[in-house]
**Q** 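Below is one structure. I have some questions about it.
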Amino acid sequence: MQAQVQEYEHEGTGARHIHLATDDAEMVFLVAFPTVPDVSDGRAHILEHLALCGSARYPVRDPFFSMLRRSTAHFMNAMTYSDKTVYPFASTDRADFFNLLDVYLDAAFFPNLDYLDFRQEGWRHAFEGDKLVYQGIVFNEMKGAFADPVRALDGGIAAHLLKGTTYEVESGGDPLEIPSLTHEALKQFHASHYHPSQAVFMTAGGVDPLAVQRQIEERVLSRLSGRAPRMLPQLAPAWTAPQAVDVAIPANEHGVQIAWLLGESTDPLPLYEAQLLEAGLLSNAASPLTRAMESAGFGRPSAMNGADAGGRQIVFHLGMEGLTAEQVADARQRIWSALEGTARDGVPHAVLQATLRDLRFHQREISGGRTPHLLRRLLRAIPFEMYAGDIMHGFDSEDVLAELEQRIADPAYFKGLAQRLLDNPTRLDITVVPDADYFPKRKQIEDERLAALQASMSEAEKQRIMDESAALQERQRRVVNNDVLPRIKPQDVHALPRPAHALPQAEDGVIAVSIPSNGISYARVSYDVSGFEEAAWPWLQLYVDVVGELGMGDKSYEEADAWRQDRVPFFDVSLQAVQAQQGDDRLHLHIDFYAKGLREQNGDIAEVLSETIRTARFDELERLSFLIDSMVEDTRNNLADEGDSYARLAATAPLSPVRAFENRVKGAAALPFYAGLQTQIESEEGLAEIAGQLARLHQRIIGSQRLVLTAGVEDDAPALAAMLELPAATAPAGKPVMPPAPGLANAGLHITAQVNHCFAAWPVPGMAHPDAPALAVLGEILTNQVLHQALREEGGAYGGQAGYSPSAGTFVMMSYRDPRLAATYADFARALEWIRGAELKQENIEEAIICVIQDLDKPRTPYADVMYALDQQRQGVTEDMRRRYREGVLSCDAARLKAVAAAWLDGKPHSRAAFIGNAAQDVAGLEIVDLKALAE
């Protein structure tokens, strides 16, 4: 990693500071506290929200959200886990880093914890008309979170297996329990948990740790003294005999789950033994437990299967879902018999070797995504410090991996791991019971409590609630002076964009790039399927979902899966869509076969891609049937949990080629296709027809024009590209398609749930248009000045914002986990009225500009930088376009904002779509679409 780990401890309080010293331009900070509640009232989660609502040095109403628009940080957040709360940020600007450090330290250690903020962020009573209701941001957030069936199952298991520990309770808060939390109890929780003696500070990158410590000393440690023993999550007691329990979840099917409690997650030996167990039992289709579950002829492996090291103790899961009540006993016996067989026969040594290789790979890879690379490193390591382990094992466990290399050489070693599972008495046998009335029953409990409370209220108590609501609204609408907060101004940032990676010209369809990848090699074979007709789109998605799960050449699907796992730590097939930013907005589609691994495996990377592409087969009909059935049932069980995605695509599909494509393959428009497939697989003829369609599609794909992109250190990339053996293209390049533009959407996608997700979308020009920069700034100013307050603070939604997508050519207003619907659409309309008549302040415009610049300037990993350049190239985005776009953002003014709002949004036709949890509410004229019926 070319890094040094430095450990510090403050003599007076015992506060700890871990610094990962690298020469990265990125600078990362976090402070973490153990938060170990013993009740499910959400106190740790609500405290996380409240700590960011004003502090001693920064007594403004919302410093966290204010700093989101006054900073160039590319990551700011706060997260509540089951046993800790973490406040992280990342920036590449030194002044900005220390500005944020000041704000975060004051927020964590000296928050105001205002009573009205508690009522806004946590929970409160309010009247809707003459009816008493609950409101609150966390209250509504957790109503949305409870839509996830896996979360419900995980919580039900923890309540029994980890009884007597903090993991028994719902750290985020159960909406039925949140209203029991008092403001005083919240303040006491902060006083006991958020003290320097409990704090872990972590930094990474090119920041001076001593400068950070001086600021911590001045702002915190000079004011808070005392030393207390570290708080640790409790350890669950071992059992003398297994136990059994039923757990009800919001799903349509039964299931069976077996959960074991293993060792502590900060002890690297049991941690990696659990990962070896997971790999040996489950990692590929040939693994004994996976084979037993997938070949049963009923059900499918549970989404929870494997090792869960997210808490202080490791939990290991084996289970099946998609069962009938009559199949539960057979499924449990099938799992147990396969585990017994593994303890007797073991697994191939190659599987265990591949697991240790993958662990080394993940320690070496420079990973990207929404969370910055160095922050990922810190978050991965922090449990070792929080649970009193050795922090070095969070960064580098080579000594343990070397020891395991020796142990796995003995076949008896893995057999012993499996036998220990069989013999472990701390085992919970769970029968998963579907509960169609899961949400109605919770709503009934809530309604009955509120009705009883309202019936017992005096007029004075009712008046107090109304007065409190009025006081909160007055506070929310009060003009805030943020001058006390530091900020970065537009003139403080670079005038020019950071140049995109200069990709070499493709030679014979190959782009080979040298990057500082820390010894990781990447290879991507990208087939251009832009000319494929619209009817083929959902088939393309089905193809990428199944081709890596089927056989190849003379290998069955089990043999092929094991063969790939033996050779590379990562293999994937994906379908990519980009929309041209110049010309007629045509759609460019690509199917990518992608693998990566240690540079020592370049030959294996090339072989895996070449063999998969050349010899994929689709004749294993039973396997194909299982895969399709599993996809369909997973989709049906997650309709509520994925409601925001369905609504977003339904609203934007009529306006944008790329969104129309995504809706057709992943949105509500895809549901009938998959329902039809499930009907088709019920007959041998139908199944054979699907297999034939996929086989023909495969030949069309691999005969299409292709681009090979390889990347690695030194001269690895061209050498890797030369190792690929691919079939020659047989078809000319297809002309990109232009999807037909349907009428504007006005859909209310309904399935029973506890919240809504609301979207309104307008067609707007792409990045090449002169109005594009102002549209980007407009989205931020509408969010900052209107929608955040209206939708989140006053409306109680977990999120609400406006945003411009130049790559899709859409402008969207949205809310997430929203208790309201008609009132939210009224707020969308009010936002446009506001921009028409408001006197826009220069400071607010500059804050919105900084928000756009944050997104433009996010650092990327070396490989992500290459892929970004390729994506820009495919969209037709030139360096000149990027320069003009940035100049337009930095020079945006009030007149320009009002002009683009009038030109593209105000009074203009637009699409509306919402996910609706309760169809009995005012649906604002949306046409109800039954999601469940669509999926069936």
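Quantities reported herein were computed from a predicted structural model and do not represent experimental measurements.
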**Q** Counting neighbours of CD on Gln921 that are heavy atoms of other residues, nucleotides or ligands and sit closer than 6.0 Å, is the number greater than 12?
**A**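 Buried by this count: over 12 neighbours within 6.0 Å.
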**Q** Under 3.5 Å, is there a donor on one side chain and an acceptor on the other for Asp629 and Gln678?
**A**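 Their side chains do contain a donor-acceptor pair, which is all the 3.5 Å distance test asks for.
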**Q** Under a 3.5 Å distance rule, please check whether Thr290 uses its side chain to pair with a backbone N or O of Ser287 as donor and acceptor.
**A**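 Not at all, since once roles are kept as given, no pair shorter than 3.5 Å links the two residues.
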**Q** Does Arg820 form a side-chain hydrogen bond (donor to acceptor under 3.5 Å, both in side chains) with Ser815? I'd like the steps, not just the answer.
**A** CA-CA 9 Å; Arg820 308 181 309 158; Ser815 69; over 6 Å; no
**Q** Within the distance-only criterion (no hydrogens, no angle test), does the side chain of Trp123 pair as donor or acceptor with the backbone N or O of Leu181 below 3.5 angstrom?
**A**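 Such a contact is found between Trp123 side chain and Leu181 backbone.
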**Q** Do Trp539 and Ile690 make a side-chain contact, defined as non-hydrogen atoms from C-beta onward lying under 4.5 Å apart?
**A**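 Of all side-chain heavy-atom pairs linking Ile690 with Trp539, at least one is under 4.5 Å.
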**Q** Answer yes if the side chains of Asp818 and Thr824 hold a donor-acceptor pair under 3.5 Å, and no otherwise.
**A**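 Short answer, yes.
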**Q** Nearest 0.5 angstrom please: Leu235 CG to Gln313 CD, how far?
**A**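 Atom-to-atom, Leu235:CG and Gln313:CD are 4.5 Å apart.
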**Q** Any salt bridge between Asp41 and Arg43, counting N to O under 4.0 Å?
**A**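 Between Arg43 and Asp41 there is a salt bridge, with a charged N closer than 4.0 Å to a carboxylate O.
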**Q** Given Gln565 and Asp561, is the side-chain hydrogen bond (donor to acceptor under 3.5 Å, both in side chains) satisfied, shown in steps?
**A** CA-CA 6 Å; Gln565 185 198 19; Asp561 201 12; over 6 Å; no
**Q** Closer than 3.5 angstrom, by distance alone: can the side chain of Ser456 be matched with the main-chain N or O of Leu453 as a donor-acceptor pair?
**A**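 Yes: the side chain of Ser456 pairs with the backbone of Leu453.
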**Q** Distance only, no hydrogens: is a donor on one side chain within 3.5 Å (strictly under) of an acceptor on the other, for Gln135 and Asn140?
**A**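 Present: a donor and an acceptor within the cut-off.
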**Q** Run the side-chain hydrogen bond (donor to acceptor under 3.5 Å, both in side chains) test on Glu168 and His160 for me, step by step, so that the C-alpha distance in whole Å, both residues' side-chain angles and the decisive distance to 0.1 Å come before the verdict.
**A** CA-CA 7 Å; Glu168 174 188 358; His160 293 86; over 6 Å; no
**Q** Once the angle between the rings of Phe915 and His757 is folded into 0 to 90°, is it parallel (under 30°), tilted (30 to 60°) or perpendicular (over 60°)?
**A**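 Plane angle between 30° and 60°, so tilted.
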**Q** Is any side-chain heavy atom of Tyr134 closer than 4.5 Å to a side-chain heavy atom of Pro179?
**A**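 Yes, side chains in contact.
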**Q** Is there a side-chain contact between Pro34 and Met386, using heavy atoms and a 4.5 Å cut-off?
**A**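 Touching, per the 4.5 Å side-chain cut-off.
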**Q** Answer yes or no: is there an ion pair linking Glu170 with Arg151, defined by an N-O contact shorter than 4.0 Å?
**A**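 The answer is yes: the pair qualifies as a salt bridge.
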**Q** With no hydrogens and no angle check, just 3.5 Å: does a side-chain donor-acceptor pair link Asp423 and Gln419?
**A**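 Yes, side-chain donor-acceptor contact under 3.5 Å.
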**Q** With a 4.0 Å cut-off, would you call Glu633 and Arg636 a salt bridge?
**A**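 Result for this pair is yes, salt bridge flagged.
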**Q** Assess the residue pair Asn424 and Phe316 against the criterion (side chain to side chain contact (heavy atoms under 4.5 Å, CB included)); give the C-alpha distance rounded to whole Å, side-chain angles, the decisive distance to 0.1 Å, and a yes or no.
**A** CA-CA 11 Å; Asn424 186 346; Phe316 196 86; over 6 Å; no
**Q** Which distance, rounded to the nearest 0.5 Å, do you find between the OH of Tyr816 and the CZ of Arg792?
**A**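 That separation rounds to 12.0 Å.
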**Q** Using a 3.5 Å distance criterion without hydrogens, assess whether the side chain of Thr166 forms a donor-acceptor pair with backbone atoms of Pro37.
**A**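 Side chain of Thr166 to backbone of Pro37: a pair is present.
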**Q** Would you say the side-chain atoms of Thr431 and Arg332 include a donor-acceptor pair closer than 3.5 Å?
**A**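 Yes, a side-chain donor-acceptor pair sits under 3.5 Å.
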**Q** Any heavy-atom pair between the side chains of Val347 and Thr342 that's under 4.5 Å?
**A**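 Yes, at least one pair of side-chain atoms sits under 4.5 Å.
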**Q** I'd like to know if Lys143 and Glu446 make a salt bridge, using a cut-off of under 4.0 Å between side-chain N and carboxylate O.
**A**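 Yes, this pair counts.
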**Q** Should Asp174 and Arg442 count as side-chain neighbours, where that means a heavy-atom distance under 4.5 Å?
**A**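 Yes, their side chains come closer than 4.5 Å.
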**Q** Under a 3.5 Å cutoff, is there a donor and acceptor pairing between the side chains of Thr85 and Thr35?
**A**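 Indeed, the side chains of Thr85 and Thr35 share at least one donor-acceptor pair under 3.5 Å.
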**Q** How many angstroms lie between atom CG of Asp930 and atom CD1 of Ile751, to the nearest 0.5 angstrom?
**A**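 Reported to 0.5 Å precision, the distance equals 7.5 Å.
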**Q** Considering non-hydrogen atoms only, spot the tightest contact between Leu639 and Ala935 and give its length.
**A**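 Residues Leu639 and Ala935, closest heavy atoms: CD1-CB, 4.1 Å.
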**Q** Which atoms form the tightest heavy-atom contact between Ala259 and His317, and what is the distance?
**A**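 In terms of heavy atoms, the two residues are closest at CB-ND1, 3.8 Å.
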**Q** Taking it one step at a time, do Tyr646 and Asn663 satisfy side chain to side chain contact (heavy atoms under 4.5 Å, CB included)?
**A** CA-CA 8 Å; Tyr646 288 125; Asn663 189 46; over 6 Å; no
**Q** Tell me whether Lys441 is salt-bridged to Asp435, with the criterion being a basic N under 4.0 Å from an acidic carboxylate O.
**A**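 Looking at Lys441 and Asp435, the cut-off is met.
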**Q** Is the side chain of Asn756 donor-acceptor paired with the backbone N or O of Gly917 at a distance under 3.5 Å, no angle test?
**A**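 Looks like yes, one N/O pair under 3.5 Å.
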**Q** Any side-chain heavy atom of Leu934 within less than 4.5 Å of one from Pro672?
**A**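 They are in contact (side-chain heavy atoms under 4.5 Å apart), so the answer is yes.
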**Q** Evaluate side chain to side chain contact (heavy atoms under 4.5 Å, CB included) for Lys84 paired with Ile382, printing each intermediate quantity in order.
**A** CA-CA 10 Å; Lys84 57 185 170 290; Ile382 197 169; 4.1 Å; yes
**Q** Please say whether more than 12 non-hydrogen atoms of neighbouring residues, nucleotides or ligands are located less than 6.0 Å from CD in Glu128.
**A**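 Atom CD in Glu128 is not crowded, with 12 or fewer foreign heavy atoms closer than 6.0 Å.
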**Q** Name the orientation class of the two ring planes belonging to Trp336 and Trp260 (parallel below 30°, tilted from 30 to 60°, perpendicular beyond 60°).
**A**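 Answer is parallel, since the angle falls under 30°.
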**Q** Decide, yes or no, whether a salt bridge links Arg623 with Glu294 under the criterion of side-chain N to carboxylate O below 4.0 Å.
**A**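 Looking at Glu294 together with Arg623, the answer is yes, because their closest N to O distance falls below 4.0 Å.
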**Q** If you define the side chain from C-beta out and look only at heavy atoms, does anything of Leu931 sit under 4.5 Å from His750?
**A**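 Not touching, per the 4.5 Å side-chain cut-off.
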**Q** State which residue, out of Val432, Ile430, Ile335, fulfils the side-chain contact (heavy atoms from CB on, under 4.5 Å) condition with Val256.
**A**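 Looking at Val432, Ile430, Ile335, the match for Val256 under the side-chain contact (heavy atoms from CB on, under 4.5 Å) is Ile335.
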**Q** Quick check: does any side chain N or O of Ser171 sit under 3.5 Å from a backbone N or O of Tyr167, one acting as donor and the other as acceptor?
**A**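 Looks like no, no N/O pair under 3.5 Å.
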**Q** We want to know whether Glu253 and Asn637 form a side-chain donor-acceptor pair, criterion being a heavy-atom distance below 3.5 angstrom.
**A**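 Their side chains do contain a donor-acceptor pair, which is all the 3.5 Å distance test asks for.
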**Q** What distance do Phe673 atom CZ and Gln541 atom CD have between them, rounded to the nearest 0.5 Å?
**A**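 Rounded to the nearest 0.5 Å, the CZ-CD separation comes out at 9.5 Å.
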**Q** Under 3.5 Å, is there a donor-acceptor pair between the side chain of Glu141 and the main chain of Tyr798?
**A**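 Answer holds: no.
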**Q** Which heavy atom of Tyr674 sits nearest a heavy atom of Val665, and at what distance?
**A**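 Where Tyr674 meets Val665 most closely, the heavy atoms are CE1-O, 4.3 Å.
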**Q** Check Leu339 against Leu318 and note the closest heavy-atom contact, atom names and distance.
**A**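 Taking every non-hydrogen atom into account, CD2-CD1, 4.3 Å.
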**Q** What distance separates Leu47 CG from His45 NE2, expressed to the nearest 0.5 Å?
**A**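 Nearest 0.5 Å value for the CG-NE2 distance: 10.5 Å.
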**Q** So Arg291 and Leu289, side chain to side chain contact (heavy atoms under 4.5 Å, CB included) or not? Walk me through it.
**A** CA-CA 5 Å; Arg291 183 195 300 127; Leu289 267 295; over 6 Å; no
**Q** Determine whether the side chains of Arg334 and Ser295 contain a donor N or O and an acceptor N or O closer than 3.5 Å.
**A**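 A pair is found: one side chain offers a donor N or O, the other an acceptor, under 3.5 Å apart.
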**Q** With the threshold set at 4.0 Å, does a side-chain nitrogen-carboxylate oxygen contact exist between Glu321 and Arg300?
**A**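 A salt bridge links Glu321 with Arg300.
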**Q** Measure across Pro819 and Gly795 and return the closest heavy-atom pair with its distance rounded to 0.1 Å.
**A**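 Taking Pro819 first and Gly795 second, the nearest heavy atoms are CG-O, 3.2 Å.
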**Q** Side chains of Pro233 and Val36: does their closest heavy-atom pair fall under 4.5 Å?
**A**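 Contact flag for Pro233/Val36 side chains = yes.
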**Q** Whether Asp447 and Lys443 form a salt bridge (side-chain N of Lys/Arg under 4.0 Å from carboxylate O of Asp/Glu) is what I want to check.
**A**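 Here Lys443 pairs with Asp447 in a salt bridge, since their nearest N and O are under 4.0 Å apart.
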**Q** Could you tell me the separation between the CG atom of Leu153 and the CD atom of Gln257, rounded to the nearest 0.5 Å?
**A**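 Leu153 atom CG to Gln257 atom CD measures 5.5 Å (nearest 0.5 Å).
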**Q** What are the two closest heavy atoms between Ala251 and Pro434, and how far apart are they?
**A**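 For Ala251 and Pro434, the tightest heavy-atom pair comes out as O-CB, 3.2 Å.
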